[in-house]
There are 2 protein chains.
Amino acid sequence: MSGTGERVTIKDVAARAGVSKGAVSLAFNHKPGVSEATRERIFAAARELGWAPSATARSLSSKRVDIVGLALCRPARLLGLEPFYMDFISGIEGVLAERSCSLLLRLVRDLDEEIALHQEWWRGRMIAGAILVDFREDDPRVPALRRLGMPAVAVGHPRLTGPFPAVWTDDASAVAEAVRYLAALGHRRVARVGGPADLGHSAIRTRAFADTVRELGLEEARQIATGFDEKEGARATRTLLLAADRPTAIVYDNDIMAVAGAGVAAEMGFTVPDDLSLLAWDDSQLCRITHPTLSAMSHDVHHFGAEVARVLFDVVNGVDTGGHQVPTPSLTPRGSTAPAPGA
Amino acid sequence: MSGTGERVTIKDVAARAGVSKGAVSLAFNHKPGVSEATRERIFAAARELGWAPSATARSLSSKRVDIVGLALCRPARLLGLEPFYMDFISGIEGVLAERSCSLLLRLVRDLDEEIALHQEWWRGRMIAGAILVDFREDDPRVPALRRLGMPAVAVGHPRLTGPFPAVWTDDASAVAEAVRYLAALGHRRVARVGGPADLGHSAIRTRAFADTVRELGLEEARQIATGFDEKEGARATRTLLLAADRPTAIVYDNDIMAVAGAGVAAEMGFTVPDDLSLLAWDDSQLCRITHPTLSAMSHDVHHFGAEVARVLFDVVNGVDTGGHQVPTPSLTPRGSTAPAPGA
DNA sequence: AGCCGCTGGTGAACCGGTAAAGCTCCGATT
DNA sequence: AATCGGAGCTTTACCGGTTCACCAGCGGCT
């Protein structure tokens with residue numbers, strides 16, 4: 001019927017129900033001031049006309065928005081590959097949907113672009129708040145966005161996230177657990193294939209790894225920083241395994257690189273886990289579909305996302321609940337870790 | 001400085017530049033009617049005050065929105081696992097970003113919820129148009145959303161997408177190519193592990209598969225419909241391999257299931273590709289990080305997404321360019337396919 | 001009878017932009 | 001000298017809601 005016709009507004013509904021715009025507004029927002037009878041008439045009219053309030057107009061006058069922003073600053077192909085983000089996003093979405101809120105997503109090339117985007121979003125009143133991820137050491141977003149006064153929740157260690165309420169996992173403890181586990185299996189040379197050096201959590205893990213190795217009296221450990229993708233993961237693995245003092249165990253900073261590493265090991269004639277133990281991070285289904293299955297430091301990424309969304313709502317509503325630590329990734333032993341050869 | 005203070009509006013900028021609101025609006029929209037000198041003053045004022053136009057107010061009066069919607073109706077954990085969507089989304093994003101447009105994303109549980117969401121989005125003038133995916137046979141969204149008159153682009157075969165401009169790949173030809181390739185390698189019993197039966201493209205592939213098998217005179221083929229996830233992919237593979245007339249080659253409808261299938265094969269003592277050939281779909285990095293690497297029907301999902309976004313822009317701007325077929329997935333042979341045993 | 005307070009509304013102002021009509025110079029045209 | 005036209009702004013009326021001040025009834029109380 002309606003075709004592409006003129007869209008129906010609150011005025012039409014008001015006219016049809018025989019009341020004023022104000023009454024319709026009150027009814028639709030479940031505010032007192034309209035009798036049950038008129039409320040019904042209004043809803044009936046709205047239903048008949050197929051009307052829904054214009055979010056645009058509403059947020060202009062009420063200054064409320066039901067959208068939160070998320071900008072991701074990673075190469076697109078990596079995002080597609082890494083299960084982490086989609087899982088994380090779906091966790092966020094779950095909570096947002098409960099509050100009939102949507103997620104505005106944007107991929108950006110660099111942090112400057114991200115800062116500009118948030119300014120545009122926030123000043124343009126397009127979002128109620130934002131989720132910030134992938135913090136660097138001395139992240140330029142912290143001063144820039146603090147100045148905006150935009151509600152935001154930061155995913156990362158409080159040391160990195162400045163004034164923003166943070167949600168994070170205790171990566172240092174998790175790394176320590178990983179190394180201890182491998183040491184307990186008799187491994188004396190444990191290497192690590194980490195993420196980009198400029199990422200805050202990479203630095204945290206790198207230090208924790210080194211500390212734990214020293215603490216346990218293991219041999220000096222080799223750590224390689226990579227771009228998080230499978231190619232670099234493979235190359236790093238190859239480098240490690242070609243060295244004279246090659247490790248008997250390797251810890252990876254995500255699951256992609258671990259899977260790639262397993263491939264390299266096989267290709268080079270090493271048997272996992274007999275010759276070489278591999279331990280992944282950010283456990284996803286990926287770790288379960290390979291052969292052998294990958295042991296991993298697993299955590300509930302979906303739940304992580306949900307928690308982030310919940311904290312963001314608090315911040316938007318002016319409730320400062322401070323930071324939240326979500327459960328530390330915990331060891332899930334599977335088929336890729338075993339006692340060190342000859343141990 | 002500004003803290004959470006009152007947000008600056010066009011009026012403040014106008015005052016500071018010593019002009020009227022209208023002039024500021026003209027300047028910011030690059031419309032004629034302001035001299036170069038004033039334009040500069042206006043921009044300077046805006047910069048000093050840190051002002052950006054309110055997208056909300058703008059879209060209320062101009063009826064233009066710079067947001068497009070995408071609702072995904074799949075279990076969250078599957079989305080996280082399957083590289084397809086993130087890759088697809090990043091393709092969309094690439095084109096959107098060029099036009100400084102953002103993507104509104106929402107995960108929904110069922111098609112009714114999706115329909116309701118689109119009504120809300122469209123009637124609420126929150127989006128300029130939408131991207132529809134995962135079409136069913138006789139999809140309920142077609143009649144419901146057609147009535148809305150919302151600009152939308154459909155991802156799927158035109159037979160399924162009703163009046164919406166479609167962007168699709170020729171799955172039938174691709175399936176045929178896959179089967180022909182395996183037949184050429186001497187395989188006589190080729191099975192297929194497909195996606196959910198109610199998905200339109202599953203039906204198309206199923207029929208094309210059966211047709212091709214018949215046409216080539218291969219043995220009657222077994223096809224199993226699954227939920228697209230790795231568990232069902234593994235189970236289907238197990239079922240197929242346990243049968244007396246087990247296939248010597250299996251085609252999968254996505255890469256996740258293929259990887260899971262490779263795992264099952266190994267676990268059951270079959271060597272890929274000597275005993276069994278595997279062929280994946282939706283080739284992603286995933287196929288390259290396993291051992292052996294997976295042969296796949298690959299297509300450029302990123303580009304697919306980009307094309308979808310481009311068509312959506314056309315539709316939104318009233319340019320009906322009709323449907324667009326993007327390149328047919330093509331065979332990328334890797335390590336998981338080989339001549340049939342004994343062939 | 002007069003006044004109060006409550007319920008169920010109404011009307012107008014406002015949110016921050018855009019768009020179109022109107023007004024003012026100023027140089028060129030007739 | 002009078003007219004025209006166009007560049008460069010200003011004015012004003014929206015867009016579609018929300019919000020708030022105000023008001024009409026009406027029953028109850030003194």
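Residue numbering restarts at 1 for every chain, and letters A, B, ... go by the order of the sequence lines.
- With a heavy-atom cut-off of 4.0 Å to chain B, the contacted part of DNA chain D has its first and last nucleotide at D/dG8 to D/dG16.
- Contact annotation: B/Ser25 side-chain N/O to C/dG17 OP1/OP2 distance is not under 4.0 Å.
- Counting to the nearest Å, the C1' atom of C/dG8 and the NZ atom of A/Lys31 are 16 Å from each other.
- Within the nucleic acid shown, A/Thr9 comes within 4.0 Å of sugar-phosphate atoms alone, with no base atom in reach, counting heavy atoms only.
- Contacts between residues 53-62 of chain A and DNA chain D, defined by a heavy-atom separation below 4.0 Å, involve A/Pro53, A/Ser54, A/Ala57, A/Arg58, A/Leu60, A/Ser61, A/Ser62, listed by number.
- The aromatic rings of B/His118 and B/Trp121 sit perpendicular, their planes meeting at an angle over 60°, well past the 30° parallel limit.
- Taking the C1' atoms of five terminal pairs at each end of the helix from C/dA1-D/dT30 to C/dT30-D/dA1, the two resulting helix axes are inclined by 70°, rounded to 10°.
- For B/Arg159 and B/Glu137, the salt-bridge test passes: some basic side-chain N is under 4.0 Å from an acidic carboxylate O.
- Put simply, the residue from B/Val133, B/Leu70, B/Val167 that forms a side-chain contact (heavy atoms from CB on, under 4.5 Å) with B/Val308 is B/Val167.
- You'll find the ring centres of B/Trp51 and B/Phe28 inside the 6.0 Å limit.
- The side chain of A/Ser35 lies closest to C/dG9, out of C/dG16, C/dG9, C/dT18.
- Listed here is the closest heavy atom pair of A/Lys31 and A/Val34: O-CG2, 4.0 Å.
- Panel note: side chain A/Thr56, backbone B/Arg125; a donor-acceptor pair is recorded below 3.5 Å.
- Contacts of A/Lys21 with the nucleic acid, taken as non-hydrogen atoms under 4.0 Å apart, include base atoms.
- B/Val19 comes within 4.0 angstrom of the backbone, heavy atoms only, and of no base.
- Distance CZ (A/Arg125) to C1' (C/dC15): 9 Å, rounded to an integer number of Å.
- The interatomic distance linking B/Lys11 (NZ) with C/dC14 (C1') rounds to 9 Å, in whole Å.
- A side-chain donor from one of A/Arg106 and B/Ser102 sits under 3.5 Å from a side-chain acceptor of the other.
- Residues A/His30 and A/Phe43 come closest through the heavy atom pair NE2-CZ, 4.4 Å.
- Nearest heavy-atom pair, A/Tyr85 versus B/Met86, reported as atom, atom and distance to 0.1 Å: CB-CE, 4.0 Å.
- Here C/dC14 presents its P atom at 20 Å from CZ of B/Arg7, a figure rounded to the nearest Å.
- Contact record, B/Thr161 with B/Gly156: CG2-O, 3.6 Å, taken as the closest heavy-atom pair.
- Nearer the 5' end of DNA chain C, as judged by each residue's closest nucleotide, is the contact made by A/Gly18, out of A/Gly18 and B/Ala52.
- Side-chain atoms of A/Arg109 do not come within 3.5 Å of backbone N or O of A/Arg74 as any donor-acceptor pair.
- Here C/dC14 presents its P atom at 18 Å from CD1 of B/Ile10, a figure rounded to the nearest Å.
- Pairing each heavy atom of A/Arg123 with each of B/Gly50, the nearest pair is NE-O, 2.8 Å.
- Taking the nucleotide of DNA chain D with the nearest heavy atom to each of B/Thr38 and B/Arg123, the more 5' of the two is matched to B/Thr38.
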